[in-house]
Amino acid sequence: MKVGDRVCIKNSVVVYHHPQNRSQPFDIKGMEGEIVAIVHEWHGRPVSANWPVLVQFDKKFRAHLKEDEVEVIS
């Protein structure tokens, strides 16, 4: 898994910051997006992020996810 890979959400993941459903629970299972970052450091210092994979779904929506919640699609 690397930056630029297309991924699909394979588990049920409920978010509350989806643009069309702000402050409402929204399940993103099955949505596809692109990995834009994998967080390993912050301001030059190593970190152990709980949700290190940053996925961009569309222009206004992206989310941090765990590595086991996404799968690479070809």
Side-chain angles (χ1 to χ4, degrees):
M1 195 174 328
K2 62 187 180 314
V3 173
D5 284 349
R6 294 281 304 164
V7 294
C8 179
I9 308 304
K10 64 181 181 179
N11 299 330
S12 179
V13 178
V14 176
V15 297
Y16 289 84
H17 65 282
H18 189 268
Q20 285 82 29
N21 302 297
R22 188 145 327 258
S23 300
Q24 301 287 331
F26 183 75
D27 191 359
I28 60 173
K29 181 178 181 178
M31 288 185 71
E32 294 182 5
E34 180 179 332
I35 296 177
V36 292
I38 298 177
V39 180
H40 292 294
E41 63 178 45
W42 185 70
H43 292 263
R45 296 183 310 203
V47 296
S48 59
N50 292 334
W51 296 284
V53 181
L54 180 60
V55 178
Q56 181 87 36
F57 294 100
D58 59 30
K59 187 175 181 179
K60 292 186 176 185
F61 179 55
R62 59 187 185 170
H64 286 271
L65 301 163
K66 296 179 187 175
E67 292 175 354
D68 64 343
E69 294 174 333
V70 297
E71 66 181 350
V72 177
I73 54 177
S74 51

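Keep in mind it's a predicted model, so treat the numbers as computed, not measured. We use all heavy atoms of the structure for the numbers below, so side chains are in, but hydrogens, waters and symmetry mates are not.
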Can you run down the side-chain hydrogen bond (donor to acceptor under 3.5 Å, both in side chains) pairs that involve residues 22-40, sequence neighbours left out, and say none if there aren't any?
S12-D27
For H17, the ring-ring contact (aromatic ring centres under 6.0 Å, His included) test, sequence neighbours excluded, returns F61
Do I38 and L54 have side chains that get closer than 4.5 Å, going by heavy atoms?
no
Please examine the side chains of I9 and V70, heavy atoms only from C-beta on, and report whether any two atoms are closer than 4.5 Å.
yes
Out of curiosity, does W51 fall in the hydrophobic cluster containing F26 (side-chain heavy atoms, cut-off under 4.5 Å, transitive links)?
no
Salt bridge (Lys or Arg N to Asp or Glu O under 4.0 Å) contacts touching residues 35-63 (sequence neighbours left out)
none
Just grab all the salt bridge (Lys or Arg N to Asp or Glu O under 4.0 Å) pairs involving residues 63-74, residues at least two apart or on different chains.
none
Apart from V39 itself, members of its ILVMFWY cluster (side-chain separation under 4.5 Å) are W42, V47
Kindly indicate whether the side chain of V53, heavy atoms from C-beta on, has any atom under 4.5 Å from the side chain of I35.
yes
Shortest non-hydrogen contact between C8 and G30, atoms and distance
SG-O, 3.7 Å
For the hydrophobic clusters of this structure (ILVMFWY residues joined by side-chain heavy atoms under 4.5 Å, transitively), does one cluster hold both V36 and F57?
no
Mind checking whether N21 and Y16 have side chains closer than 4.5 Å, heavy atoms only?
no
Is V7 close to V55 at the side-chain level, that is, under 4.5 Å between some pair of heavy atoms?
yes
Going by the rule salt bridge (Lys or Arg N to Asp or Glu O under 4.0 Å), which residues pair with K2 if we only count those two or more places apart in sequence or in a different chain?
D5
